Every structure is written in C-alpha cells, then in structure tokens.
Amino acid sequence: MNAGKEPRKVERPVDPRRYVPPHIAAMEGYVPGEQPRGGPIVKLNTNENPYPPSPKVREALAAAIGDRLRLYPDPTALAFRETAAALHGVDPDMILAGNGSDDALTIVTRAFVGPGDAAAYPTPSYLLYSTLVKLQNGVERLVPFDASWRLDVDGFAQPGLKLAYLANPNSPSGTALAPAEVAGLAERLDCPLVVDEAYAEFARENCVSLVKTHPNVIVTRTFSKAYGLAGIRLGYLIADAALVRELNKVKDSYNCDALSQAAGKAALLDQAYLAETRARILASRDRLTAALRELGWTVPDSQTNFVWATDGAPAEATFQELKNRGVLVRLMRYPGHPAGLRISVGTDEEIDRLLQVLRELA
Ligand SMILES: *Cc1c(COP(=O)(O)O)cnc(C)c1O
C-alpha cells in the first residue's frame with residue numbers, strides 16, 4: 001500500500017490520444033442529432049414518432065419489471081425473434097436482435113470489414129456508415145446519388161469491396177429505390193449488402209423478401225421510428241441463417257435487455273396500432289410537403305416520416321431562426337450539395353407551428 005504517499009509525478013505532459021491507434025485519434029466520432037433538455041420546444045430533428053408507443057408496450061413493460069430483472073436476459077432474444085420471424089415470414093434463425101439498429105449495423109461492420117478493407121455507401125446518406133468504417137480502419141468508397149436521388153448501381157461494382165450499405169428509404173432525401181433495383185445491386189456485389197430499412201414502415205415497398213432470394217442481402221429494422229420506441233434501443237436484422245450465425249459471434253452476449261425484448265415483442269404484435277399512427281403520419285407528411293413547396297422549397301416525395309427541404313430560404317439562417325423560436329429541425333450539409341433542412345413529421349399542431357414560423361420569415 002502507498003496510502004498517504006504522493007502519487008508519482010509524470011515528468012512530461014502526456015497527450016492521452018497517443019494511447020489510441022492513429023485511425024481512432026484522427027476520427028471525429030459520430031455526432032447524433034441534438035437532444036435538448038427541457039424547455040418548450042417543437043422537436044422535429046431526429047425523426048422520432050410524435051405519437052406514443054402502443055399501450056400494449058406499457059403493459060408488457062409493467063409485466064417485465066419484477067423479480068426476473070435479477071436474471072440476465074435471453075442472450076438470443078428468442079421470444080422476440082419468433083414474433084419478428086412470424087411477422088416477416090422468415091425463420092427465427094434468420095433474425096438477430098440489436099441494441100438499436102445502429103448496433104446491428106455495428107455488428108455487420110465489425111464482422112465484414114477489417115483494417116484496410118473497402119466498404120461502400122451512397123452519399124448523401126446516413127452519416128453513421130462513415131464512422132463505422134473508420135472505426136475498423138477501413139477504406140470508404142462513396143457512391144453519389146444524382147440530383148434526382150437516383151443511384152448508378154454500377155458505381156458499387158468495385159473490386160475488393162467487403163461491404164456495401166444502402167439506407168432505403170434514404171436519409172436525408174426520404175426517397176427509396178424499388179426492390180428490383182436493390183436486387184440488381186445485390187447481384188452486382190461480391191460482398192454483403194446491408195439494406196438499412198429504418199423507415200421501411202412508412203414506405204410503399206420493402207426489401208425483406210430479397211433476403212430469401214439473395215443470400216448477400218441483410219435488412220435492418222428499428223423500433224425507434226415507426227414504433228415510437230427510440231428511448232428503448234431495439235432493432236434487428238434479417239439475413240440468411242448462415243450469415244446470422246457468423247454475426248452472432250460478433251455481438252455482445254447480452255446486447256438486448258429484458259425490457260427492450262418485451263417491449264419490442266408487444267409492439268410487433270400490435271400491427272393495428274402501427275397502421276393507425278402510420279396513417280396519421282403519412283397524412284401529415286403530405287400536408288407538410290405541399291405547404292413547404294408552396295413556400296418555395298424543393299421537397300422530394302418522401303417515403304419516410306421526415307421531409308428534405310432545400311433551395312428555399314437560406315438553410316442555415318432558417319434553421320437558426322426556427323431554433324430561436326423553439327422549433328428544432330436538422331440542418332444538414334453534404335459536400336457538393338446545397339445545405340438543407342431535414343424536418344421530422346410531427347403532430348399536426350407541431351407542423352402548424354413550424355409552418356407559421358416559416359411564413360413569418362418569408
Ligand atoms: C434512425 C436511423 C437508424 C437508427 O436507429 P436506431 O435503431 O435508433 O439505432 C438507422 N439508420 C437510419 C438511416 C436512421 O435514420
């Protein structure tokens with residue numbers, strides 16, 4: 001013991017960054033959308049659901065709180081996976097649950113991308129893919145969307161690619177490629193293709209059936225958006241069972257807690273509630289889109305619970321003026337593209353407030 005002794009002085013100042021590998025020290029790290037603490041704010045910046053989760057979720061959570069919390073959760077989330085499998089018409093061993101779909105994306109990246117390996121993703125798109133590839137000390141290959149948010153899938157046909165990501169529907173555009181186009185992309189690739197379907201519940205079509213015809217397709221889903229459970233942290237992926245077996249080696253043993261597993265199962269079982277809140281959000285989305293266009297913004301038709309507005313008033317100034325008046329949206333800048341506002345579809349009252357401020361500013 002050296003109780004009472006002065007800790008030994010370190011002679012020269014040490015930059016703690018020298019303890020981490022250079023590729024980590026050089027990274028910025030992912031910056032999530034702002035989560036304001038209190039204050040009356042209309043929060044339209046991170047695409048949460050404006051409606052609460054199904055009342056069945058509350059019941060399931062209440063039932064899950066009790067003596068059983070002493071015990072570790074099911075490491076494989078079997079009851080949850082069986083429910084998800086029945087919903088999608090796949091086998092439970094084609095599903096892997098994650099601590100949010102970001103965890104599923106992390107597991108996929110860690111499994112397939114090693115140091116120096118190339119991974120491709122479209123741009124502008126979800127910014128997390130870049131962070132995940134950098135963490136692996138991998139090499140990023142960007143495939144640009146064209147001005148009307150179409151993708152040249154030949155851009156993905158690059159030698160040596162180890163993984164490709166596709167947010168479909170895409171963020172920030174809200175647009176989606178048809179499943180046949182995604183199938184064509186999967187066929188061109190000699191590596192797994194993660195189709196990030198965080199917003200698929202709001203879209204006309206989805207790519208789940210491709211998992212059965214294209215064994216390199218991995219579809220990810222989340223409870224954070226359509227199911228109104230961003231605070232719970234649950235997502236899952238659907239893929240060929242042999243791929244899922246490999247991915248299971250990479251995940252943390254207990255990556256999904258008992259409460260999120262119970263909540264997720266209850267949410268999936270209440271598809272009637274999902275249909276109801278979805279219909280409200282789609283109606284509000286159409287109204288928001290029309291009003292923004294009337295105000296002079298360019299807004300692509302959205303297949304999500306947000307819209308992407310560019311080329312109206314200056315985006316930076318509008319973002320700040322909205323924020324000053326208690327309306328928070330997401331300002332996004334991508335190199336080579338006009339800055340834009342990504343606006344989540346809130347309640348009708350929230351949208352009215354947003355539009356009121358925009359009209360005052362116009
Ligand atoms: C919100 C979002 C996710 C992440 O969701 P979590 O399940 O909350 O981790 C993944 N991908 C895209 C494109 C998203 O917008």
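The figures that follow rest on heavy atoms only: side chains count, while hydrogens, waters and symmetry mates do not. Remember, it's 1-based here, ligands and their atoms both numbered in the order they're listed. Treat the numbers as computed from the prediction; the structure is a model and nothing was measured.
Nearest-residue assignment for atom 15 (O) of ligand 1 (options Tyr236, Phe306, Tyr199; heavy-atom criterion): Tyr199. Of the listed residues (Thr222, Thr46, Asp196), the one carrying the non-hydrogen atom nearest atom 12 (C) of ligand 1 is Asp196.
Contact of the Val208 side chain with the Arg221 side chain is registered, since non-hydrogen atoms from C-beta on lie closer than 4.5 Å. Between Tyr165 and Val133 there is a side-chain heavy-atom pair separated by less than 4.5 Å. Two residues are said to be in side-chain contact when any heavy atoms from C-beta on lie closer than 4.5 Å; Gln320 and Leu331 fail this criterion. Contact annotation: the side chain of Ile41 never approaches that of Val327 to less than 4.5 Å [non-hydrogen atoms, C-beta and beyond].
A salt bridge links Arg287 with Asp348: the closest approach of a Lys/Arg side-chain nitrogen to an acidic carboxylate oxygen falls below 4.0 angstrom. Comment: Glu48 engages Lys43 in a salt bridge, judged by a side-chain N to carboxylate O separation of less than 4.0 angstrom. Ion pair Glu34/Lys323 flagged as a salt bridge, since at least one NZ, NE, NH1 or NH2 atom sits closer than 4.0 Å to an Asp/Glu carboxylate oxygen.
Heavy-atom contacts of Gly100 reach the following atoms of ligand 1: 7 (O), 9 (O) (cutoff under 4.0 Å). Close approach of ligand 1 to Ser224 is summarised as follows: ligand atoms under 4.0 Å from at least one heavy atom of the residue are 6 (P), 7 (O), 8 (O). Near Arg233, meaning under 4.0 Å from any of its heavy atoms, are these atoms of ligand 1: 6 (P), 8 (O), 9 (O). Each of the following atoms of ligand 1 lies closer than 4.0 Å to a heavy atom of Ala198: 2 (C), 3 (C), 10 (C), 11 (N), 12 (C), 14 (C). Of all atoms in ligand 1, listed by their number and element, those nearer than 4.0 Å to a heavy atom of Lys225 are 1 (C), 2 (C), 3 (C), 14 (C), 15 (O).
For Ser101, heavy-atom contacts with ligand 1 shorter than 4.0 Å involve the backbone as well as the side chain. Looking at Asp102 against ligand 1, both its backbone and its side chain come within 4.0 Å, counting heavy atoms.
At a 4.0 Å cut-off, not a single heavy atom of Phe223 sits close enough to ligand 1 to count as contact.
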